[in-house]
Amino acid sequence: MQIEKKYSPKNIESEWYAHWIEKGYFRSEPDERTPYSMVIPPPNVTGVLHMGHMLNNTIQDVLVRRARMQGHNTCWVPGTDHASIATEARVVNKLKEEGIEKQTLSREEFLQHAWDWKEKHGGIILEQLKKLGASCDWSRTRFTMDKELSDSVSRVFIELYEKGLIYRGVRMVNWDPGALTALSDEEVVHREVRSEFYYIRYQIEGSDETIEIATTRPETILGDTGICIHPEDDRYRHLIGKKALVPLINRPVPFILDEYADREFGTGALKVTPAHDINDYQLGLKHGLPGIDIFNDNGTLNEKAELYIGEDRFAAREKVVRDLKENGQLTRVEEITNSIGFSERTDEVIEPRLSLQWFLKMDELAKPALEVVMNDTIRFHPPKFKNIYRHWMENVRDWCISRQLWWGHRIPAWYLPDGRFVVAKSAEEALIMAREKYGAGLNAGELRQDEDVLDTWFSSWLWPISVFDGINHPLNPEIRYYYPTNDLVTAPEILFFWVARMIMAGLEFRGEIPFRNVYLHGIVRDKQGRKMSKSLGNSPDPLSLIETYGADGVRVGMLFSSPAGNDLLFEEALCEQGRNFSNKIWNAFRLTQSWDMVPDMAQSGESATAIQWFEANLNRSLEIIEDHFSRYRIADALMSVYKLVWDDFCSWYLEMVKPPYQRPVDQITHRATIGFLNKLMRVIHPFMPFISEEIYSHIRDEQDAESIVVAPMPRASSYDASMEGRFSFAREVVMGIRNMRQEKNIPPKEPIEVFVRKNDNQPPDITFDGIIKKLCNISHLGYVQEKPEGTHTLIVRSTELHIPIAGQLNTGEEIRSLESELAYQQGFLKSTRKKLSNGKFLSNAPSKVVDMERKKQSDAEARIRVIEQQLRQLRRGQLS
RNA sequence: GCCCGGUUAGUGUUAGUGGUAAACCGUCGCCUUUACACGGCGAAGUCGAAGGUUCGAUUCCUUCACCGGGUACCA
């Protein structure tokens, strides 16, 4: 068989993926096996694959594939999210490009456009995930606005309303003047910004006196309805009962006394604008000040502002400043840094605004959801996120769930003409309910459904339940089998948006946690640590990465630098490393395929030892890998696999058993080697699904599973633990000799002789002697009592290796290197001696440590003896 | 401001430990050896700073510096 020298993943990957789908390996139906279920964090339906998705889904796929090979009935449910704000904005923009304004369309017409857009562009990302190798059960693909899922949303809305947890009320909300909707607290991102701090002089009514007030938002003076001063502030106490005139519009406003005013900050006097600041709002409530809302929805000023009507708030700010300056009421301007809220979606500056919205009470939902995380019923990986979670949960405020948008789940509330309302599943039920409640005479035309939709997260929080239809049909066999899911893999960014709320929903609607483990991975950043974004243009195109390095290579590259919870500084070189690893595996395979196997050939002792050693090593590594997985240390698990394959299998094992050029290999060794390769492919399959399947398909036995996807994951079994120690000495010898060859310029082809002098009275362990001979091209390996003449000496631990060297090269350099080694050893010896002569050390340190110290001392002494002896000899030679 | 987390080789990524330090990548040097140059062999660190506890601290404690995250207030 002719096998390419370089592994090329391109066709292999797409063919295997198609094959897996055709065989239905990713499909899951409830059966008698233990389930392993997981839901995908649904990407935005209009989204395209970016590096964050690649990382997120690679991790999930590793977990799922491993669970599948461990015999679980695995179900990874894919799907997408309708993303109200983002999708609506895109559809609005697209319509604008076609010359259609949203306002000119009816709700139904707009939604038709939105659905068309979704059908056309939605779910591209899911196709892209297939390129990555994601082993989702595609037959279960869900969308948050599917019928079942939408029904689930209104059902829980009604239930929570009836329980009194959902209420409607006027509150100060975060208004996004770009998206024209209210947002929840979580959708506001606070950033420190350099701002101007304006000092403005207010006239006292009926007097020449003025009072100075500082503000960062001078345009809001037009909504001022009071001035707050501290009750004990002597500077201003005399003003009580008087009124100040709001500059430019001369509205008289009263002084109020409240300890909220900070005497140290600004001028100590605070303007109160109850309609546009949460603290002012509370002050206004407390002291009976009216609120004057001077802004329109889009952030322009309305007629209540009296001035600059129709102008944007930032333009109005400049004009207010200009006009105040002109009339001398602006006394000075300072630079300050303050924190400003921005919309997470549109990046508009959030306008705090009084508004009638729907809210969900959080206290009762938060308590049990906090408890299950703090007591590790749900485990966070890494656990450091527990603290952050607790902090949020303990300070959670009610959730504003209504959005002034059309794309999403419409709020199931119907209003009577007088504003009273009912909450019901449908218009029909609403009518019946309204008649019962408010009078039989009502007709359908008099009821109007709420215009708003629900926050997207109000559907996402049900995701682990609703994908199995567990809200509408709580006892259906699927939800009972798959819920709770096992693991959730996501980014800490959405810990509150999503994870916390899923936990609340799970406990509230199922009485059970939604998942047992939450794996939180970092953000993919570029090499300079910047978040990858379209506008920076610093994100590589995931699909072209896959094209270049293969999905296996990219997966490995992403995972290499991705310890749990830490951000990942992505470099393309990591994918290159992944690709190189593919190639290494490929060539190991190629080597085994090039061997001629002769059935009746006797197995060499070296091969038998090599097999024993690798068997032990493999099991030890499997133990380590299992431990890493059990602690969700996926990058570490991969690193262990990488070293097992590259170092242990390729660099050591294959070199040990490799037959000389064009010579055959015996049957036992051949079979064992293929068996190892088979196991290694299975261990590696969750990380590199394609190349492992390709190689497996060539080497599998008749009785093996037909595909590696469903082959059993090797498990660690008991092994000869002494092998490791014995081999590690042999490895030091081999490395020492290789090193010496390089230093002395002895080509690998030239055979050498080695005479070993042991400096202890133990019989030598010759287990690896044959292998050492083979790996170092040693023609004769013997044990001696006396150091032979004319040899170069290597010291491994306290054993001397004497190697005759044809031409003595560079004695001086050798002396120098021995001298520096001697100095190091002497320093080392000195420190151990110091310890051992310290009575306190001997009496306080555990005896194990003291023994170790004694062993170190005797080893060092032995080494020093050998070095000194050799130095003497070299110096003699130099003199003569 | 408060609360977490971090600082270990090269303005890289991370393990780890009360007994003079590991891995990956990168860099550099040598090697085109018959699986693989997408390869092989090798080199380089006062474990952020200062104190303290200890026979002994990179590890435990305190303070500080810097970085990251969360969160509050900021008129």
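Below, chains carry the letters A, B, ... as their sequence lines are ordered, and counting in each starts from 1. Keep in mind that what you see is a predicted model, and the values were worked out from it rather than measured.
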A:Arg579 near the nucleic acid: base, sugar-phosphate alone, or nothing, with a heavy-atom cut-off under 4.0 Å? base
Within the sub-3.5 Å range, which N or O atoms of nucleotides 24-27 of chain B have a protein N or O partner, and how far apart are they?
unit_1: B:rC24; atom_1: O3'; unit_2: A:Gln577; atom_2: NE2; d: 3.4
unit_1: B:rC24; atom_1: O2'; unit_2: A:Gln577; atom_2: NE2; d: 3.0
unit_1: B:rC25; atom_1: OP1; unit_2: A:Tyr642; atom_2: OH; d: 3.3

Residue list, ring pair (Phe, Tyr, Trp, His ring centres under 6.0 Å) with A:Phe690, at least two apart or on another chain: A:Trp20
Full working for ring pair (Phe, Tyr, Trp, His ring centres under 6.0 Å) between A:Phe687 and A:Tyr642: CA-CA 10 Å; A:Phe687 300 102; A:Tyr642 182 83; over 10 Å; no
A:Lys384 side-chain N/O to B:rC4 phosphate OP1/OP2 under 4.0 Å: no
Which nucleotide in the set B:rC55, B:rC36, B:rC74 lies at the smallest distance from any side-chain heavy atom of A:Lys5? B:rC36
Separation between CD of A:Glu259 and CG of A:Asp233, rounded to the nearest 0.5 Å: 12.0 Å
Gap in Å between the two P atoms, one belonging to B:rU58 and one to B:rA22, rounded: 15 Å
Determine whether a donor-acceptor pair (one donor, one acceptor, N or O, separation below 3.5 Å) exists between the side chain of A:Gln742 and the base of B:rA43. no
Sugar-phosphate only, base, or nothing, as touched by A:Glu655 at under 4.0 Å among non-hydrogen atoms: base
Any side-chain N or O of A:Asn583 under 4.0 Å from OP1/OP2 of B:rA37? no
Please check if atom CD in A:Glu4 has more than 12 non-hydrogen atoms from other residues, nucleotides or ligands closer than 6.0 Å. no
Does A:Arg633 make a side-chain N or O approach to OP1 or OP2 of B:rG16 shorter than 4.0 Å? yes
Determine the interatomic distance between C1' on B:rA65 and the same-named atom on B:rC28; round to the nearest Å. 33 Å
Closest of B:rA35, B:rG19, B:rU71 to the A:His391 side chain is B:rU71
Looking only at B:rC74, B:rG40, B:rU33, the nucleotide nearest the A:Ser339 side chain is B:rC74
Contact class for A:Lys658 vs. all strands (heavy atom < 4.0 Å): base, sugar-phosphate, or nothing? base
If you check the A:Lys6 side chain, which of B:rC38, B:rC36, B:rG19 turns out closest? B:rC38
Kindly write out the residues that satisfy ring pair (Phe, Tyr, Trp, His ring centres under 6.0 Å) with A:Phe841, not counting sequence neighbours, or none if the list is empty. none
Name the residue closer to the 5' end of RNA chain B, choosing between A:Ser582 and A:Trp586 according to the nucleotide with the nearest heavy atom. A:Trp586
Taking only residues two or more places apart in sequence or in another chain, which ones pass side chain to side chain contact (heavy atoms under 4.5 Å, CB included) with A:Thr267? A:Tyr199, A:Glu212, A:Tyr236, A:Ala269
So does A:Asn387 get a side-chain nitrogen or oxygen closer than 4.0 Å to the phosphate oxygens (OP1/OP2) of B:rC3? no
Roughly how far, to the nearest 0.5 Å, is OG of A:Ser8 from NZ of A:Lys6? 11.0 Å
Test salt bridge (Lys or Arg N to Asp or Glu O under 4.0 Å) on A:Lys643 and A:Asp648; report intermediate values, then the result. CA-CA 7 Å; A:Lys643 284 190 224 165; A:Asp648 300 340; over 6 Å; no
Sorted by chain and number, sequence neighbours left out, side chain to side chain donor-acceptor pair (under 3.5 Å) with A:Asn678 holds for A:Arg682, A:Asp704
Step-by-step side chain to side chain donor-acceptor pair (under 3.5 Å) determination, A:Thr220 to A:Lys271: CA-CA 9 Å; A:Thr220 63; A:Lys271 70 188 216 48; 2.7 Å; yes
Measure from the side-chain heavy atoms of A:Lys584 and tell me the nearest of B:rG16, B:rG40, B:rG70. B:rG40
Quick check on RNA chain B: between A:Glu264 and A:Cys650, whose nearest nucleotide comes earlier from the 5' end? A:Cys650
Taking the side chain of A:Ile388 as its heavy atoms from C-beta onward, which of B:rC55, B:rG69, B:rA35 lies nearest to it? B:rG69
Quick one: which of B:rC74, B:rA35, B:rA75 gets closest to the side chain of A:Asn279? B:rC74
Just the dot-bracket of RNA chain B, please: which string comes out with Watson-Crick or G-U pairs under 3.5 Å, [ ] for crossing, | for another strand? (((((((..(.(((....[..)))).(((((.......)))))....(((((..]....))))))))))))....
I'd like the P distance from B:rG48 over to B:rU17, given in whole Å. 16 Å
